[in-house]
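Step one of this worksheet: look at the structure below.
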Number of protein chains: 2
Amino acid sequence: MAFENYVEVLSRSELFRDFDRDEVASMLKCLEPKIKEYGKGNYLAVAGEEFQGIGIVLEGEAAAYKENIAGTRVIMVLLKPGDVFGEIVAFSSQSQWPVTVEAQQPCKALFISREKIVGECRHLCPWHRKLIENMLMMVSERALTLSRKVEYLSIKSIRGKISTYLLEQYKKTGKTTFMLPMNRNELADFLNVSRPSLSREMCSMRDEGIIDFHRASVRIKDLQALKRMAQ
Amino acid sequence: MAFENYVEVLSRSELFRDFDRDEVASMLKCLEPKIKEYGKGNYLAVAGEEFQGIGIVLEGEAAAYKENIAGTRVIMVLLKPGDVFGEIVAFSSQSQWPVTVEAQQPCKALFISREKIVGECRHLCPWHRKLIENMLMMVSERALTLSRKVEYLSIKSIRGKISTYLLEQYKKTGKTTFMLPMNRNELADFLNVSRPSLSREMCSMRDEGIIDFHRASVRIKDLQALKRMAQ
DNA sequence: GCGTGTCGGTATCTGGTGTTACAAAAAAGT
DNA sequence: ACTTTTTTGTAACACCAGATACCGACACGC
């Protein structure tokens with residue numbers, strides 16, 4: 001199969017971080033990936049079905065979503081060329097896909113079997129070690145993101161969530177005045193609260209003189225009070 | 001140092017899964033771990049400080065906890081001999097401990113540097129590959145657990161949480177009558193709700209004829225209704 | 001038997017949060 | 001400059017869930 005066309009995309013993928021295009025090309029011979037094509041609405045993976053390997057989107061766009069028992073879909077992540085999916089389940093004891101991945105547009109994806117990544121390579125490729133390092137990095141990074149999400153979700157009050165979030169921004173920028181990277185709707189979504197409730201609470205914090213804001217620009221006026229509100 | 005004394009404990013650790021005692025003993029020579037001793041109340045790791053390596057508890061007991069900005073401690077996990085900590089941060093881009101680990105009792109722990117696990121081994125040990133496989137498994141398993149936790153936390157209503165939980169138990173056992181693996185307090189904790197609220201909701205679901213229960217024994221009476229309640 | 005402790009169910013009360021709907025402001029398109 | 005769309009603030013209301021306190025059932029030790 002013509003892997004050559006996709007070396008460019010793959011070399012920009014997290015899985016092949018720190019590999020140049022030539023290296024990726026050589027590795028593909030070793031990893032023996034399978035390329036599959038999907039029409040819009042087709043499934044790249046179906047939750048509950050047998051897991052066959054780590055996927056990388058080459059062309060088009062796909063959406064990974066969970067379907068709860070009532071049948072409601074919750075989109076977990078939008079996958080674009082270079083994005084990897086199934087990296088977590090690949091090395092766990094679970095052998096079924098935890099999510100369904102559906103092509104949003106006509107789509108091509110490449111699958112690498114679990115064994116080919118960890119398993120011993122008969123060509124004794126020197127880059128195998130780095131590939132596994134990348135794999136470990138990706139899964140660890142993913143776990144850290146999830147753990148951060150759990151922290152936010154565990155906070156009961158909206159005030160606590162807002163305060164924690166603003167303090168994190170403060171720590172990140174080092175300044176008491178900064179721009180929020182998302183609008184109210186997205187922030188409400190991220191904090192798992194309703195948009196009007198978020199607005200209401202932010203405004204009452206402003207009325208109390210703890211913060212000040214206009215649109216995406218926020219200024220922390222009373223850092224101590226904010227710290228007290230964080231749970 | 002006298003690693004020999006701890007080969008037994010280590011061989012039961014997840015990191016050395018599928019290794020027998022002799023293999024573990026040989027590997028230790030290669031991994032060059034450092035053993036440290038701690039008195040009760042001492043810190044095995046401090047959140048925010050430089051991460052130095054993956055830890056394994058050898059003796060005693062330690063607690064890993066997060067400290068939020070207000071200073072409140074939230075215990076994440078209790079670590080006993082054989083338990084591993086720091087495995088997630090080890091291979092992410094983060095270089096500081098995300099949690100504080102404190103000795104609950106006089107404690108011994110072993111630390112293995114990140115490089116020694118992934119890095120190339122000059123003795124070319126054949127088991128290095130399996131060690132990395134175990135590492136990947138542990139991190140992946142951890143990520144899956146977190147993702148399951150996120151799912152539960154994302155459900156807004158108590159009813160939704162209970163229904164989802166019971167349906168998971170039903171799927172696991174395949175029977176409509178089963179035993180809950182925890183008491184009300186623990187279940188409330190797991191679902192991140194208060195114990196009386198959990199009781200109240202379970203009882204009203206019983207009154208509506210959806211489920212029936214006595215202590216830890218639960219019977220699903222109306223599966224369809226339960227599925228409808230799951231969000 | 002009796003006290004003691006644990007666990008689970010129940011009642012009351014209150015406060016925080018979602019829902020809905022609408023208005024004002026800003027941004028974007030024409 | 002005008003309309004249209006998006007974004008954000010505001011208000012009223014209902015209601016779910018937490019806090020607290022108390023009671024009954026049961027297990028255990030003496």
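Worth knowing before you read on, the calculation uses all heavy atoms, side chains too, and leaves out hydrogens, waters and symmetry mates.
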**Request:** Step through the shown structure and confirm whether more than 12 heavy atoms of other residues, nucleotides or ligands are within 6.0 Å of OH on A:Y170.
**Result:**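 No - once you tally the heavy atoms of other residues, nucleotides and ligands closer than 6.0 Å, there are 12 at most.
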**Other residues, nucleotides, ligands: >12 heavy atoms within 6.0 Å of B:K149 NZ** =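 Not buried by this count: 12 neighbours or fewer within 6.0 Å.
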Rounded interatomic separation in angstrom, taking [atom1] from [X] and [atom2] from [N]:
X      : N     : atom1 : atom2 : answer
A:M205 : D:dG9 : CE    : P     : 13 Å
B:I162 : C:dG9 : CD1   : P     : 11 Å
A:D212 : D:dT8 : CG    : P     : 16 Å

**Parallel, tilted or perpendicular: ring planes of A:F85 versus A:F111, cut at 30 and 60 degrees** =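 If you compare the ring of A:F85 with that of A:F111, the planes turn out perpendicular.
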**Message:** Test your reading of the model: is there a side-chain donor-acceptor pair from B:N192 to the backbone of B:L153, 3.5 Å cut-off?
**Reply:**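 Answer holds: no.
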Review item, nucleotides 23-27 of chain C N/O atoms under 3.5 Å of protein N/O:
residue : atom : partner : partner atom : Å
C:dA26  : O4'  : A:R215  : NH2          : 3.4

**Request:** Mind listing the residues from residues 177-191 of chain B sitting with a heavy atom below 4.0 Å of DNA chain D? Number order is fine.
**Result:**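 Nucleic-acid contacts, sorted: none.
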**Message:** Please tell me whether B:Y6 and B:E59 have a donor and an acceptor in their side chains that are separated by less than 3.5 angstrom.
**Reply:**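 On atom types as modelled, these side chains qualify, holding a pair under 3.5 Å.
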**Message:** Checking side-chain polar atoms at under 3.5 Å, does B:R159 have a donor or acceptor matched by the opposite partner on B:S204?
**Reply:**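 Yes - a donor-acceptor pair under 3.5 Å links their side chains.
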**Prompt:** What do the steps show when you test B:Y165 against B:L180 for side chain to side chain contact (heavy atoms under 4.5 Å, CB included), and what is the final call?
**Reply:** CA-CA 10 Å; B:Y165 182 78; B:L180 297 178; 3.9 Å; yes
**Asked** When you look at B:R142 and B:M138, which way does the side chain to side chain contact (heavy atoms under 4.5 Å, CB included) test go after all the steps?
**Response** CA-CA 6 Å; B:R142 197 62 216 292; B:M138 288 172 59; over 6 Å; no
**Request:** For A:V46 and A:W97, run side chain to side chain contact (heavy atoms under 4.5 Å, CB included): C-alpha distance rounded to whole Å, both residues' side-chain angles, the deciding distance at 0.1 Å, then the answer.
**Result:** CA-CA 6 Å; A:V46 177; A:W97 283 98; over 6 Å; no
**Item:** Salt-bridge criterion met for B:E208 and B:K221 (N-O under 4.0 Å)
**Value:**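 Looking at B:E208 and B:K221, the cut-off is not met.
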So which protein N/O to nucleotides 10-20 of chain C N/O distances come out below 3.5 Å?
residue : atom : partner : partner atom : Å
C:dT17  : OP1  : A:I158  : N            : 2.8
C:dG18  : OP2  : A:S194  : N            : 3.4
C:dG18  : OP2  : A:S194  : OG           : 3.3
C:dG18  : OP2  : A:S197  : OG           : 2.7
C:dG18  : N7   : A:S197  : OG           : 3.3
C:dG18  : N7   : A:R200  : NH2          : 3.3
C:dG18  : O6   : A:R200  : NH2          : 2.6

